[in-house]
K.L.:
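Provided herewith is a single structure, encoded as structure tokens, for subsequent inquiry.
No experiment lies behind these values; they were computed from the predicted model shown. Convention: sequence-line order gives letters A, B, ...; per-chain numbering from 1.
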Amino acid sequence: MAETQTGPVRVRIAPSPTGPIHIGNIHTALFNWLFARKQGGTFILRFEDTDQERSDRKWEELIYKEMRWLGLDWDEGPDVGGPYGPYRQSERLELYQKYAQELIDRGYAYYCYCTPEELEAERKAAEKAGQAYKYSRRCLHLTEAEKAQAEAKLREQGRRPVIRFRVPEGQILAWDDLIRGRIETASDTISDFVIMRGNGIPLYNFAVVVDDITMKITHVIRGEGHISNTPMQLLVYQALGAEVPAIGHIGHILGTDGKKLSKRNGDAYVGDYRDRGFLPEALFNFLALLGWTPPDGQEIQSRDNIIRTFDLERVGKSPAIFDLQKLEWMNGVYIRMLSREELLARCLPYLQQAGLVEENPSPEKREWIGRVVALEQERIRTLAEIVPATEYFFKTEITYDPKAVQKVLKPECRPHLEAALSLLEGITETNWTTETLEKLLDGYVNEHGLKRIEVFQPIRVAVTGRTASPPLFDTLAVLGPEKVRERMRYALEHLVPAA
RNA sequence: GCCGCCAUCGUCUAGGGGCCUAGGACAUCGCCCUUUCAAGGCGAAAACACGGGUUCGAAUCCCGUUGGCGGUACCA
């Protein structure tokens with residue numbers, strides 16, 4: 001395998017700007033990017049926007065945004081330019097036309113005047129006969145006169161002929177796949193495929209090859225779905241007399257049902273993960289581990305380390321199911337590694353969007369929010385979880401979990417709550433710290449020979465509305481005397497049944 | 001139908017003929033820590049799809065079967 005590649009590595013990712021970028025595409029982009037960065041090569045972004053109906057500049061912008069968010073930067077592309085532009089297929093139309101004409105002139109391609117109806121009929125007939133469909137080639141053998149007549153007829157319908165590639169017979173089309181080894185296909189199984197539409201827009205299998213040749217792509221790394229396209233592309237390289245780049249196909253990423261990832265079986269788009277509070281560094285790490293194993297086997301890998309050790313040799317060939325639970329775990333690990341200031345900065349947008357925090361909090365308020373989120377740092381797995389986890393710090397009126405109230409705020413806790421309240425009322429604002437609080441309440445517990453949980457749990461429920469929270473004294477300390485006392489009074493008045 | 005790709009614990013995977021009584025991670029379960037929840041520590045359960053070969057020896061090589069996926073477009 002591995003044709004001796006001389007010169008710098010040039011790889012590309014070529015999404016169609018027809019929607020948000022799919023996780024599978026970003027995974028492929030990541031592997032290309034890693035390969036380029038590891039090899040000191042060039043990573044190119046190109047848009048395959050020949051589907052004029054669905055392509056839109058707004059999707060291009062979104063693709064830029066998602067790629068940047070994940071930290072995948074490109075060296076050449078529609079926005080930054082480069083020596084082999086333009087980087088949008090819609091701006092390269094003359095190029096494809098030129099190459100198509102060349103193929104016709106040299107007998108590698110021919111005009112086809114068949115209508116969709118005629119082709120459909122051929123297809124149906126083949127199916128009925130239990131045969132694999134292949135185009136009949138009736139347009140290949142037309143005389144000049146017949147061609148003129150056919151074209152005239154087509155024009156009447158406002159149509160123009162398409163250009164088909166003439167697939168040679170009896171050839172074995174083969175390449176040494178970078179990650180699967182040798183793959184062969186008989187050219188006889190391939191039908192003469194259309195390379196240009198009547199309107200002058202190229203088709204995928206032709207356009208990619210022209211682009212890859214002219215952009216001097218050295219390595220094509222793409223999803224396994226393209227394996228069956230490769231033989232046709234090989235034919236185009238051959239006809240154009242161009243050198244075939246190294247080609248490798250990585251496995252797809254699947255949803256939990258083993259099907260292509262979609263809204264039905266998980267989130268399919270990069271933006272979904274950002275919105276749900278996944279950190280780009282976590283998603284990057286996780287995605288890298290889908291299909292690739294670091295040599296040291298460690299799961300948590302820094303970006304630099306991944307680049308340094310990335311190797312196509314360690315990329316597997318089977319498809320991988322996207323395991324959200326593992327991503328969540330990994331995201332939790334990354335959240336715990338954040339500094340307090342970073343954590344705050346990352347959580348703030350979620351709190352603001354939820355209406356818990358104002359647009360521009362004062363420095364003092366910011367500092368306080370920092371203390372709030374720090375309490376949840378080792379408890380949340382995604383940034384979005386910070387909202388439900390810390391709600392009660394921000395709201396004036398909190399929601400009490402009925403089950404918690406019923407289970408914990410029983411008549412027998414009343415005396416403890418009352419005693420605790422009066423103790424807390426004796427603390428001055430400046431003395432309201434974790435240490436003081438702990439000393440005071442622990443003192444009460446010991447004095448009366450109680451178990452800590454008997455006193456602490458009722459306070460927790462009274463003050464947070466729930467049975468689970470960060471350590472009680474930290475929670476009380478951050479909550480502040482006012483909210484704590486008020487909620488305890490409220491609980492005593494409305495929630496704890498009389499003894 | 002035809003062509004092609006893939007196949008190790010539930011999931012991601014290590015493994016490239018003897019080092020495998022098949023290793024790690026997530027998830028699960030148990031124990032410890034503990035004011036709750038987490039985090040952390042320790043431990044358990046859990047896989048080579050099946051059938052033939054090749055070989056002294058196969059998870060590893062070959063063939064077949066089964067299953068999954070992809071293609072079979074004037075989509076990309």
K.L.:
For a quick test of reading the model: is some side-chain N or O of A/K259 closer than 4.0 Å to OP1 or OP2 of B/C69?
P.N.:
yes
K.L.:
Is any side-chain heavy atom of A/R12 closer than 4.5 Å to one of A/V220?
P.N.:
yes
K.L.:
Taking any strand in view, what nucleotide pairs with B/A39 in a Watson-Crick or G-U wobble way, both distances under 3.5 Å?
P.N.:
none
K.L.:
Work out how far the C1' atom of B/A38 is from that of B/A47, and round it to whole angstrom.
P.N.:
31 Å
K.L.:
Are any of the side-chain nitrogens in A/R452 or A/E438 under 4.0 Å away from the carboxylate oxygens of its partner?
P.N.:
yes
K.L.:
Rounded off to whole Å, could you give me the CG-to-P distance for the A/N205 and B/G70 pair?
P.N.:
17 Å
K.L.:
Tabulated below should be each protein N or O lying under 3.5 Å from an N or O of nucleotides 26-28 of chain B; please produce it.
P.N.:
{"from": "B/C26", "atom 1": "O2'", "to": "A/K326", "atom 2": "N", "distance (Å)": "3.3"}
{"from": "B/A27", "atom 1": "OP1", "to": "A/R381", "atom 2": "NH2", "distance (Å)": "3.3"}
{"from": "B/A27", "atom 1": "O2'", "to": "A/Q325", "atom 2": "OE1", "distance (Å)": "3.4"}

K.L.:
Salt-bridged, A/K439 to A/E435, with N to O below 4.0 Å?
P.N.:
no
K.L.:
Spell out yes or no: do the side chain of A/R180 and the base of B/C5 have one donor N/O and one acceptor N/O closer than 3.5 Å?
P.N.:
no
K.L.:
Find the partner of B/G70: check Watson-Crick (N1-N3 plus N6-O4 or O6-N4) and G-U wobble (N1-O2, O6-N3) distances, both under 3.5 Å, and reply none if neither fits.
P.N.:
B/C3
K.L.:
Using heavy atoms and a sub-4.0 Å distance, could you list which residues of residues 156-167 of chain A are near RNA chain B? By number, please.
P.N.:
A/R159, A/V162, A/R164
K.L.:
Would you indicate what A/P15 reaches in the nucleic acid, counting non-hydrogen atoms under 4.0 angstrom: base, sugar-phosphate, or nothing?
P.N.:
nothing
K.L.:
Could you check A/R314 against A/D311 for salt bridge (charged side-chain N to carboxylate O under 4.0 Å, His left out), going step by step and ending with a plain yes or no?
P.N.:
CA-CA 6 Å; A/R314 296 191 66 82; A/D311 184 354; over 6 Å; no
K.L.:
Let me spell it out: for each of A/D49 and A/T293, pick the nucleotide of RNA chain B with the closest heavy atom. Which residue's pick is nearer the 5' end?
P.N.:
A/T293
K.L.:
Using a cut-off of less than 4.0 Å, is there contact between a side-chain N or O of A/R197 and OP1 or OP2 of B/A76?
P.N.:
yes
K.L.:
Take A/E454 and A/K451 through the test salt bridge (charged side-chain N to carboxylate O under 4.0 Å, His left out) and record every step on the way to the result.
P.N.:
CA-CA 5 Å; A/E454 291 179 82; A/K451 280 190 287 192; 5.5 Å; no
K.L.:
Got a salt bridge between A/E60 and A/R88, using NZ or NE/NH1/NH2 to carboxylate O under 4.0 Å?
P.N.:
yes
K.L.:
Side-chain N or O of A/R222 versus OP1/OP2 of B/C5: is the shortest distance under 4.0 Å?
P.N.:
no
K.L.:
In whole Å, what is the span from the NE2 atom of A/H252 to the C1' atom of B/C12?
P.N.:
18 Å
K.L.:
Under the 3.5 Å rule, do the base of B/U34 and the side chain of A/R452 count as making a donor-acceptor pair?
P.N.:
no
K.L.:
Is any side-chain N of the basic residue among A/E48 and A/R46 closer than 4.0 Å to the acidic one's carboxylate O?
P.N.:
yes
K.L.:
Would you kindly compare A/F322 and A/T185 by the position of their nearest RNA chain B nucleotide and give the one closer to the 5′ end?
P.N.:
A/T185
K.L.:
Does the side chain of A/R336 get closer than 4.0 angstrom to OP1 or OP2 of B/G40 through an N or O atom?
P.N.:
yes
K.L.:
Rounded to whole Å, please give me the gap between NE2 in A/H226 and P in B/C75.
P.N.:
16 Å
K.L.:
Using a cut-off of less than 4.0 Å, is there contact between a side-chain N or O of A/R466 and OP1 or OP2 of B/C37?
P.N.:
no
K.L.:
Find out whether the Lys NZ or Arg CZ of A/R164 is both under 6.0 angstrom from the six-membered ring centre of A/F193 and within 45° of the ring's axis.
P.N.:
no
K.L.:
Once you apply the 3.5 Å cut-off to both distances, tell me the Watson-Crick or G-U wobble partner of B/A46, or none.
P.N.:
none
K.L.:
Can you confirm if the NZ or CZ of A/R123 lies within 45° of the ring axis of A/Y133 and under 6.0 Å from the centre of its six-membered ring?
P.N.:
yes
